[in-house]
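Keep in mind that this is a model prediction, so the values were computed, not measured.
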Amino acid sequence: MSKVYCISGLGVDERAFSQLHFKDVEMVHIPWLDFKPNEGLKDYAYRLYQQMEVEDNYHLMGLSLGGMIAQEIAKIHPPKHLFLLSTATKPEDISRIRLLGKIRIQYLLPDYLLTHTNAFLNWYFGVKSKTTKVILKEMMADADPTFIRRAITAIVEWQGGNLSKGDPCKTHVIHGAADRLIPMRKDTDVVFPNGGHLVILEKGEAISQYIEQQIKP
């Protein structure tokens, strides 16, 4: 059975992948490590890779922040398939986040706002279903404010994945056209017209089918 290693997004965990269901694919969730002070995404990705113990022909999937880190891991050990969900590949894709991070808003907000949902966040992330709202609320309640702040600082300094068509791995970009946090790029392979940033929770069945079709022998 094929394995796909999964890296979740900022402030969330493996529950972000809970709506993906495969017949012949095993998901291996990579737990977060604590960010070191002033640690960049490249260095963090290397530490995360060291605990993964991947096989040669492995597959990698990253959501949002996890997609940025997955691109850095792909430079170290190229996967056979790289699935990027609701993420960025270059600094221009996350100009809004970088602007807020540069003014250090992550250090101005209280812990409560970093670990709790509200009507505005549900709208901003494109959360519509009751199931998705519950999952997001539970994940954020368990989030570590220090991790979030240091991760945002690292995102501000990220120089992009710099992956090209000639790279050894096949890259698949999956994105919601209505993503308000990280707007969809033109080179997206799978587009969900009304999908928001957490399209992975809203369109899990369709995403599962696409991924399984791509990596089946």
For side-chain contact (heavy atoms from CB on, under 4.5 Å), just list the numbers for R185 and D93, CA-CA rounded to whole Å, side-chain angles, deciding distance to a tenth of an Å, and then say yes or no. CA-CA 8 Å; R185 304 188 313 280; D93 298 335; 3.0 Å; yes
Output, in order, the C-alpha distance, side-chain angles, deciding distance and verdict of salt bridge (charged side-chain N to carboxylate O under 4.0 Å, His left out) for R15 and D142. CA-CA 11 Å; R15 287 170 285 186; D142 293 335; 2.8 Å; yes
Go through it in stages, so that I can follow the logic: the residues are S86 and L63, the test is side-chain contact (heavy atoms from CB on, under 4.5 Å), and I'd like the CA-CA distance, side-chain angles, deciding distance and then a yes or no. CA-CA 6 Å; S86 304; L63 168 67; 4.1 Å; yes
Go through the steps for Y210 and D189 under the test side-chain contact (heavy atoms from CB on, under 4.5 Å), then give the verdict. CA-CA 10 Å; Y210 175 80; D189 298 297; 4.2 Å; yes
Carefully, step by step, assess I207 and V190 under the rule side-chain contact (heavy atoms from CB on, under 4.5 Å). CA-CA 9 Å; I207 294 173; V190 181; 5.9 Å; no
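When all heavy atoms of M61 and L85 are compared, the closest pair comes out as CG-CD1, 3.3 Å. Considering every non-hydrogen atom in both F35 and A151, the closest pair reads CE1-CB, 3.7 Å. A pairwise comparison of heavy atoms in L201 and Q19 identifies O-CG, 3.5 Å as the closest pair. Closest non-hydrogen pair, L20 versus M27, comes out as O-CE, 3.6 Å. Closest approach of Q71 and A88 over heavy atoms only: NE2-O, 2.6 Å. The two residues V199 and G176 have their closest heavy-atom pair at CG1-N, 4.2 Å.
Ring geometry for H77 against Y49 counts as perpendicular: the plane angle is over 60°, on a 0 to 90° scale with 30° as the lower cut. Ring geometry for H116 versus Y112: interplanar angle under 30°, hence parallel rather than tilted (30 to 60°).
T153 and Q106 share a side-chain donor-acceptor pair at under 3.5 Å.
Listed by chain and residue number, nothing satisfies the ring pair (Phe, Tyr, Trp, His ring centres under 6.0 Å) test with H175 (two or more places apart in sequence, or in another chain). K128 meets the side chain to side chain donor-acceptor pair (under 3.5 Å) test with no other residue; sequence neighbours excluded. Residues satisfying the side chain to side chain donor-acceptor pair (under 3.5 Å) test with K75, not counting sequence neighbours, are E72. For E39, the side chain to side chain donor-acceptor pair (under 3.5 Å) test picks out R47, with sequence neighbours left out.
Cluster membership check: V173 does not share its hydrophobic cluster with I200, using side-chain heavy-atom separations under 4.5 Å among Ile, Leu, Val, Met, Phe, Trp and Tyr. Taken together through direct or relayed side-chain contacts under 4.5 Å among Ile, Leu, Val, Met, Phe, Trp and Tyr, V134 and M139 form parts of separate hydrophobic clusters. In the hydrophobic cluster analysis, where Ile, Leu, Val, Met, Phe, Trp and Tyr join through side-chain heavy atoms closer than 4.5 angstrom, I215 is grouped together with L84. By the criterion of side-chain heavy atoms lying less than 4.5 angstrom apart, applied directly or through intervening Ile, Leu, Val, Met, Phe, Trp or Tyr residues, Y5 is grouped together with I73 in one hydrophobic cluster.
For the atom pair T171 OG1 and D187 CG, the distance stands at 9.5 Å (nearest 0.5 Å). Between the CD atom in Q209 and the CD atom in E212 there is a gap of 9.0 Å [rounded to 0.5 Å]. Summarising the geometry, atom CG belonging to L109 is positioned 8.0 Å from atom CD1 belonging to I152; distances are rounded to the nearest 0.5 Å.
Applying the side chain to side chain donor-acceptor pair (under 3.5 Å) test to residues at least two apart or on different chains, the pairs with a partner in residues 50-66 are Y46-Q50, S64-H197.
In this structure, V127 and L121 have side chains that are not in contact, with every pair of non-hydrogen atoms separated by 4.5 Å or more. Residues I97 and I182 are in side-chain contact: their nearest non-hydrogen atoms beyond the backbone lie under 4.5 Å apart. Looking at heavy atoms from C-beta onward, P37 lies in side-chain contact with R150 at the 4.5 angstrom threshold. Side-chain contact between M140 and L136 is present, with at least one heavy-atom pair separated by less than 4.5 Å.
With W32 as the fixed residue, the side-chain contact (heavy atoms from CB on, under 4.5 Å) test singles out one of L10, V12, L65: L65.
A donor-acceptor contact shorter than 3.5 Å links the side chain of S208 to the backbone of H21. A distance-only check finds a donor-acceptor pair linking the side chain of R180 to the backbone of W123 [under 3.5 Å]. Although no hydrogens or angles enter the test, the distance criterion places no donor-acceptor pair under 3.5 Å between the side chain of R149 and the main chain of R104. With hydrogens and angles disregarded, no donor-acceptor distance shorter than 3.5 Å links the side chain of E202 to the backbone of G195.
Environment of NZ in K90: crowded, with over 12 heavy atoms of neighbouring residues, nucleotides or ligands closer than 6.0 Å. Around CD of E205, the count of heavy atoms belonging to other residues, nucleotides or ligands within 6.0 Å does not exceed 12. Environment of CG in D34: sparse, with no more than 12 heavy atoms of neighbouring residues, nucleotides or ligands closer than 6.0 Å.
With side-chain heavy atoms closer than 4.5 Å counting as contact, directly or through intermediates, the hydrophobic cluster containing V191 also holds M184.
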